[in-house]
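In what follows, a structure is listed as structure tokens, so that the remarks can point back to it.
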Amino acid sequence: MAIYCKEPSRTFSEYLLIPGYTSPECIPANVSLKTPLVKYRKGEEECPLSLNIPLTSAIMQSVSNDTLAIALAKEGGISFIYGSQSIEDEAAMVAKVKSYKAGFVVSDSNLKADSTLKDVLELYEQTGHSTMAVTENGKPDGKLIGVVTGRDYRVSRMSEDTRVEEFMTPLDKLIVAGESTTLKEANDIIWDHKLNSLPIVDKEGKLLYFVFRKDYAQHKENPQELLDANKSYVVGAGINTLDYEKRVPALVEAGADVLCIDSSEGYTCWQEKTLAFIREKYGDKVKVGAGNVVDRDGFLFLAKAGADFVKVGIGGGSICITRETKGIGRGQATALIEVAAARDEYYKETGIYIPVCSDGGIVHDYHMTLALAMGADFLMLGRYFARFDESPTPITMVNGVYVKEYWGEGSNRARNWQRYDLGGKAKLSFEEGVDSYVTYAGPLGDNVAKSLYKVKSTMCNCGVINIPDLQKNAKLTVVSATSIVEGGYHDVMLKSTATPGR
């Protein structure tokens, strides 16, 4: 006879937090959201890789590319670059994030000396950037011969066929700095000489970067940015259970700080083999997460196989239809509570703490706090990040609303059959994800700050100022269907829908 779970499978929306005593120090400014990303001997050593905020972006084509990875690292989280692309392309994205120097901007508006004012205006229309490098070959790494800014020309008094070399600021009148210049030194030069931008060139005079005055304040506003020992942004990368023998070395060479096996279901021999390969080749130097699982047995299996963190969740994503098509999965709250208990059990037995990542099921911001209270060390989010400027998809308008495209890795559009591997069949027999739109929400930084302020505020209501204390002291209650209705506005008519004059 089949084994039946006694408790129903519950979601985050079926729980509420009960407030605790709020002491004077319980204010959002005092809350720390720092959390471990990979396993370590708790109490004996420091976690080798931690997050400053408990957010990671999902391993998805429509979510995690190099642009979003940089933006999220600035806020203190980490992206896992999607693995459903060629090994070379994924490694290139990782390398781009690792080579990014905060405050040092590669020029994306470039001209040649024989370009015209018309080219300048068209480039401005395309990029919105008024500072343009003039190089010998018109490329961002060409030999610098001048710079064009909005102060160098007047459209009303110049012909559009005027050559750039006639009105640009030439190199001999520019202040430039060498490649060894630090960001602090560059900013000092900008302020001392009242510049708006400072070109950084190598020994041969080739352009490397620009440092802009306007970026100074922005970098001051990122005290939580997640950096490695070399002051480069931390980035993760997704792998699968098929080409890992080639993909893993390429990603490690590119500089990935942590890897994660991307799969809809992690309690498999395929993940065990992948983890064994990494441990045999790299020992514990390469950090790799595994999953997804939804119960104690799945967690313990991956923990013993060598996972550095374990992802929880099957079928809870907004674009995932695994539960509908295959009938497997579990309510995210129930799955997370059981796996977190297994993590604590494993820690008591071994002294090794393996962080748990809650992947899926986050609909509202308060669900983030609930997930952390239920034991998650950090969260993985797809739909949430897909809405922002920095995600890979373009902004478009549908029915008068600005949206961005968002599709599942199990959809025919993604064609990520490797994620659903059950022995090497090179195609998707049926879809486990949909192709959709999400409402455009603006820049990542502003939205993450707003969401996490809610998390911090709720933690203060619970009387705690860090995640471990939240996990230890939080009180949760299951709510009835009627309570859920009562939780929103009810028995009123919103002003926006009321008839004018009545």
Side-chain angles (χ1 to χ4, degrees), residues 65-67 69-70 88-89 91-155 158-190 192-216 218-219 230-233 254-255 390 392:
N65 65 348
D66 50 289
T67 305
I70 292 169
E88 294 75 19
D89 288 347
M93 281 192 181
V94 170
K96 191 171 182 180
V97 177
K98 298 305 294 184
S99 64
Y100 181 89
K101 297 176 68 176
F104 293 82
V105 180
V106 176
S107 177
D108 68 351
S109 299
N110 307 287
L111 303 159
K112 294 194 293 185
D114 60 359
S115 299
T116 64
L117 177 58
K118 182 180 179 181
D119 296 323
V120 171
L121 298 177
E122 289 178 350
L123 191 56
Y124 177 74
E125 183 70 22
Q126 178 183 338
T127 67
H129 297 154
S130 58
T131 300
M132 304 176 187
V134 184
T135 61
E136 286 187 347
N137 60 5
K139 296 181 179 180
D141 58 353
K143 191 170 183 179
L144 185 68
I145 59 176
V147 170
V148 171
T149 70
R151 296 176 300 178
D152 292 317
Y153 58 88
R154 294 185 67 178
V155 177
M158 295 170 60
S159 170
E160 287 193 352
D161 60 5
T162 305
R163 290 162 64 96
V164 164
E165 62 187 351
E166 295 179 33
F167 59 87
M168 71 180 185
T169 301
L171 180 61
D172 59 7
K173 292 185 179 181
L174 291 173
I175 295 175
V176 300
E179 57 187 314
S180 62
T181 304
T182 65
L183 183 58
K184 182 181 184 305
E185 291 169 341
N187 282 316
D188 287 343
I189 294 171
I190 286 173
D192 290 345
H193 294 86
K194 300 180 180 180
L195 305 173
N196 286 322
S197 63
L198 176 69
I200 307 296
V201 299
D202 65 14
K203 294 178 182 178
E204 298 177 353
K206 292 182 178 180
L207 180 63
L208 298 173
Y209 309 102
F210 275 108
V211 177
F212 292 95
R213 172 187 288 263
K214 65 180 177 63
D215 287 339
Y216 179 77
Q218 177 185 335
H219 298 307
N230 298 318
K231 304 298 182 183
S232 296
Y233 285 129
E390 295 84 355

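For the numbers below, each heavy atom of this structure counts, side chains included, while hydrogens, waters and symmetry mates do not. Nothing here was measured: the structure is a model prediction, and the numbers come from that model.
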Closest heavy-atom pair and its distance - Lys143, Glu204:
CE-O, 3.6 Å
Given Asp202 and Glu179, is the side-chain contact (heavy atoms from CB on, under 4.5 Å) satisfied, shown in steps?
CA-CA 5 Å; Asp202 65 14; Glu179 57 187 314; 3.7 Å; yes
Run the side-chain contact (heavy atoms from CB on, under 4.5 Å) check on Leu208 and Phe104 step by step: do they pass?
CA-CA 9 Å; Leu208 298 173; Phe104 293 82; over 6 Å; no
For Ala133 against Leu144, the heavy-atom pair lying closest together
CB-CD1, 4.3 Å
So Asp89 and Met93, side-chain contact (heavy atoms from CB on, under 4.5 Å) or not? Walk me through it.
CA-CA 6 Å; Asp89 288 347; Met93 281 192 181; over 6 Å; no
Does Asp119 use its side chain to pair, donor to acceptor, with the backbone of Thr116 at less than 3.5 Å?
yes
Heavy-atom closest pair, residues Ser107 and Leu207
CB-CD2, 4.0 Å
Return yes if some donor-acceptor pair links the side-chain N/O of Thr135 with the main-chain N/O of Lys139 below 3.5 Å, else return no.
yes
side-chain contact (heavy atoms from CB on, under 4.5 Å) between Tyr124 and Ser130: does it pass, once the steps are laid out?
CA-CA 6 Å; Tyr124 177 74; Ser130 58; 4.2 Å; yes
Contacts of type side chain to side chain contact (heavy atoms under 4.5 Å, CB included), residue Thr131, not counting sequence neighbours:
Val147, Thr149, Ser197, Phe210, Phe212
If you round to the nearest 0.5 Å, how far is CD of Glu390 from OG1 of Thr67?
8.0 Å
Please check if the side chain of Ser109 supplies one atom and the backbone of Met132 the other of a donor-acceptor pair under 3.5 Å.
no
Please tabulate, for side-chain N and O atoms in residues 167-175, each donor-acceptor pair with protein atoms closer than 3.5 Å (sequence neighbours left out).
{"residue": "Thr169", "atom": "OG1", "partner": "Asp152", "partner atom": "OD1", "Å": "3.0"}

Sole residue of Asp188, Asn187, Ile190 in side chain to side chain contact (heavy atoms under 4.5 Å, CB included) with Leu198:
Ile190
Least distance between heavy atoms, Val134 atom then Ala113 atom
CG1-N, 3.8 Å
Rounded to the nearest 0.5 Å, what's the gap from CG on Asp114 to CD on Glu166? Could you check?
11.5 Å
Closest approach of Asn110 to Gly138 (non-hydrogen atoms, all atoms of both residues):
CB-O, 3.3 Å
Where the side chain of Arg213 meets the backbone of Leu195, is there a donor-acceptor pair that is under 3.5 Å apart?
yes
Working for side-chain hydrogen bond (donor to acceptor under 3.5 Å, both in side chains), residues Ser159 and Asp161
CA-CA 5 Å; Ser159 170; Asp161 60 5; 2.4 Å; yes
What is the minimum heavy-atom distance between Gly178 and Ile200, and which atoms define it?
O-CG2, 3.5 Å
In terms of heavy-atom contacts, does NZ of Lys96 have more than 12 from other residues, nucleotides or ligands at under 6.0 Å?
no
